[in-house]
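Every chain is numbered from 1, with letters handed out A, B, ... down the list of sequences.
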Amino acid sequence: MTVRVRIAPSPTGYLHVGTARTALYNYLFAKKNNGKFILRIEDTDVERSSKEMTDIIIESLKWLKLEYDEGPFFQSDYFSHYIDHIPQLEKTGGIYRCFCTPEELEERKKKVIEQKKAWKYDRKCLNLSKEEIEKNLNEKKPYVWRVFIPEGKTYFDDLIHGRIERDNSEIEDFIIVRSDKTPVYNFAVVVDDYRMGVTHVIRGDDHISNTFKQLHIYRLFGVEPPKFAHLPLILDEKKAKLSKRSGTVSVLAFRDMGVLPEAFVNFIALIGWSPKDNREILSIDEMIQLFSFENVAKKGGVFDYKKLEWMNSKYITKTDDEKLYELLKPFYKESGIDIENFEKEKILKIIFSVKEKARYLKEFPYLTEFFFKEISDYDKKGVEKFFTPDRLSHLKVLVKELENVEKFTSENVEKLYKDYVEKNGIKGADVIHPTRLALSGRTEGPSLFLMMEIFGKEETLKRLTKVL
RNA sequence: GUCUCCAUCGUCCAGUGGUUAGGACACAGCUCUUUCAAGGCUGCGACACGGGUUCGACUCCCGUUGGAGACGCCA
């Protein structure tokens, strides 16, 4: 039997980091087993679903390079389809009409909770007589369909947790069809997963309680349920389920910060899973190779921004300059610099000069902005420290010598500085720091001699002369 | 509150009866260096607790405690 898995986000918000990781694990499992990865949009909540969000979800998946083999399918396209199954289920005697209004329910629920008891639907409509039902129907009273939960126990063997069991008395007679005839999540999921031949349901463990309900629907259909794997949740610093309130959770927000998709995927993969040998940097192919539920943790994991930063900087460092050039265009544009207006070779060198420092692509413009604009203000402390009379007098001499350099390469410039320092018995820092400050206005930055080469002779001399 | 899940360094993971309990991030120090980073080295730092089982428990069982999740005509 070929493996078929799905990711089933609801288009009521951006693609969440947690959903992204669920998608990743589904993807890894599918690829590992030569199976199919399906995208299904769970939009049965018409009120809260939107086309924009659907587009964002698709765009997010695309950015992550988690390509789906089938879909996207939309549950809203099958609305009538779900209801078609009701007569079949009714015949089993496993579902029943409930005419209780939300208001009535609310009232009864309140009373029960006041007595500090757990609320569960009280089955008021379970044993309505044929006549009563007819009467209600004739009066056009709205009703929902509920599943009757018999006595006993419900259990399943989770691929990650092992057997999970729950007494049926803990499961209420839940609703599968709303009074407006639309299916509720638990019902739509079962119908779809079955229709699509989903073999493994891999989802967050916040769905465990839904699984029990869904199992009862499978039972009524007389159909073998799929295998389940409930993933531990991704947590925030406070160890609560990661949510909008926890900070940035939208996948595209990470893209916009300049996180590389490969780094992001690598990072989220490692929350809740790791290869046996503790490797940290893994390509998607390696992950596919190594993925197994045996290595998936049961415990929820905190989303550690610091580690993401570290990993992203690793990926940036190893990305080649040409590729970075392409990726960086929008980030520079956003800060008002059109790098395509400059000589590409020069931009490539600029990128190279700071790529080991950047943690996010977004940092490049700031890290390199002095290459693109004249310096008007110099670091205050730096000025006090480095623009002293003695140091400036050295610079003055250096400027003259620099003028005579024919090939203005970092090697040649460096040699010139080294020779000068030795000849005059001073410290390299005494001329290097003032030079850096004059060129960039900063006390820190890329390798100085490389900077000089990038600026070229003319611009270097211009900037140096300006501070003398 | 009820039910379910979970429990190794601050954080993410290794560890599946006998280990000096390992790696990574973070943090601190040292080193390298023209600066900041990066790199290299070192350090700090954990088996929640209590009972069993066993010759022997971080590893198995049971409790306790703690944390999380679910308790919608949301998904």
### Task
Check every strand shown and say whether Gly272(A) touches a base, only sugar-phosphate, or nothing at a heavy-atom separation below 4.0 Å.
sugar-phosphate
### Query
OP1, OP2 of A68(B) versus side-chain N and O of Lys238(A): anything below 4.0 Å?
no
### Query
Considering the options Tyr417(A), Phe386(A), Phe387(A), Tyr378(A), which one meets the ring-ring contact (aromatic ring centres under 6.0 Å, His included) requirement together with His433(A)?
Phe386(A)
### d(CD, Gln214(A); C1', C71(B)) in whole Å
15 Å
### Query
Does one side chain, of Tyr185(A) or Asp45(A), offer a donor that lies under 3.5 Å from an acceptor on the other?
no
#### Entry: Sugar-phosphate, base or nothing in reach of Lys276(A), heavy atoms under 4.0 Å
sugar-phosphate
#### Entry: Base-pairing mate for A7(B) - Watson-Crick or G-U, with both contacts under 3.5 Å
U65(B)
### Message
Whole angstroms only, please: what is the CD1-C1' distance between Ile271(A) and A24(B)?
### Response
14 Å
### Message
Could you tell me if Asn136(A) and Tyr143(A) have a donor-acceptor pair between their side chains, going purely by distance under 3.5 Å?
### Response
no
### Query
Mind checking whether His230(A) and Thr211(A) have side chains closer than 4.5 Å, heavy atoms only?
yes
### Task
Verify the distance criterion only: is there a donor paired with an acceptor across the side chains of Arg391(A) and His394(A) at less than 3.5 Å?
no
### Query
Any donor-acceptor pair under 3.5 Å joining the side chain of Asp277(A) to the base of A14(B)?
no
### Task
Scan every strand shown for a Watson-Crick or G-U wobble partner of C60(B), both distances under 3.5 Å, and answer none if you come up empty.
G52(B)
### Query
With sugar-phosphate meaning primed atoms plus P, OP1 and OP2, does Ser179(A) contact a base, only sugar-phosphate, or nothing at under 4.0 Å between heavy atoms?
base
### Query
Across the strands shown, which category fits His207(A) at heavy-atom distances under 4.0 angstrom: base, sugar-phosphate, nothing?
base
### For A70(B), the Watson-Crick or wobble partner whose two distances fall under 3.5 Å
U2(B)
### Message
Counting the atoms with a prime plus P, OP1 and OP2 as sugar-phosphate, which does Asn295(A) contact under 4.0 Å by heavy atoms, base, sugar-phosphate, or nothing?
### Response
sugar-phosphate
### Query
Does Lys213(A) put a side-chain nitrogen or oxygen below 4.0 Å from OP1 or OP2 of A70(B)?
no
### Message
I'd like to know if the side chain of Glu172(A) reaches the main chain of Tyr121(A), judged simply by a donor and an acceptor atom lying under 3.5 Å from each other, with no hydrogens or angles considered.
### Response
yes
### Task
Hunt down the Watson-Crick or G-U wobble partner of A14(B), both distances under 3.5 Å, from any strand shown, or write none.
none
### Query
Could you run down nucleotides 3-11 of chain B 5' to 3' and tag each one B, S or - for protein heavy-atom contact under 4.0 Å?
BSSSSS--S
### Task
For the pair Asp180(A) (side chain) and Thr182(A) (backbone), establish whether a donor and an acceptor sit closer than 3.5 Å, ignoring hydrogens and angles.
yes
### Query
Can a salt bridge be assigned to the pair Arg463(A) and Glu459(A) using a cut-off of 4.0 Å between side-chain N and carboxylate O?
yes
### Task
Determine the interplanar angle of the Phe291(A) and Phe29(A) rings, folded into 0 to 90°, and report it as parallel if under 30°, tilted if 30 to 60°, perpendicular if over 60°.
perpendicular
### Message
Over all strands shown, is Arg442(A) touching base, sugar-phosphate only, or nothing at heavy-atom distances under 4.0 angstrom?
### Response
nothing
### Query
Reading nucleotides 32-41 of chain B from the 5' end, what letters show protein touch, with B for base, S for backbone sugar-phosphate only, - for no heavy atom under 4.0 Å?
--BBBBSS--
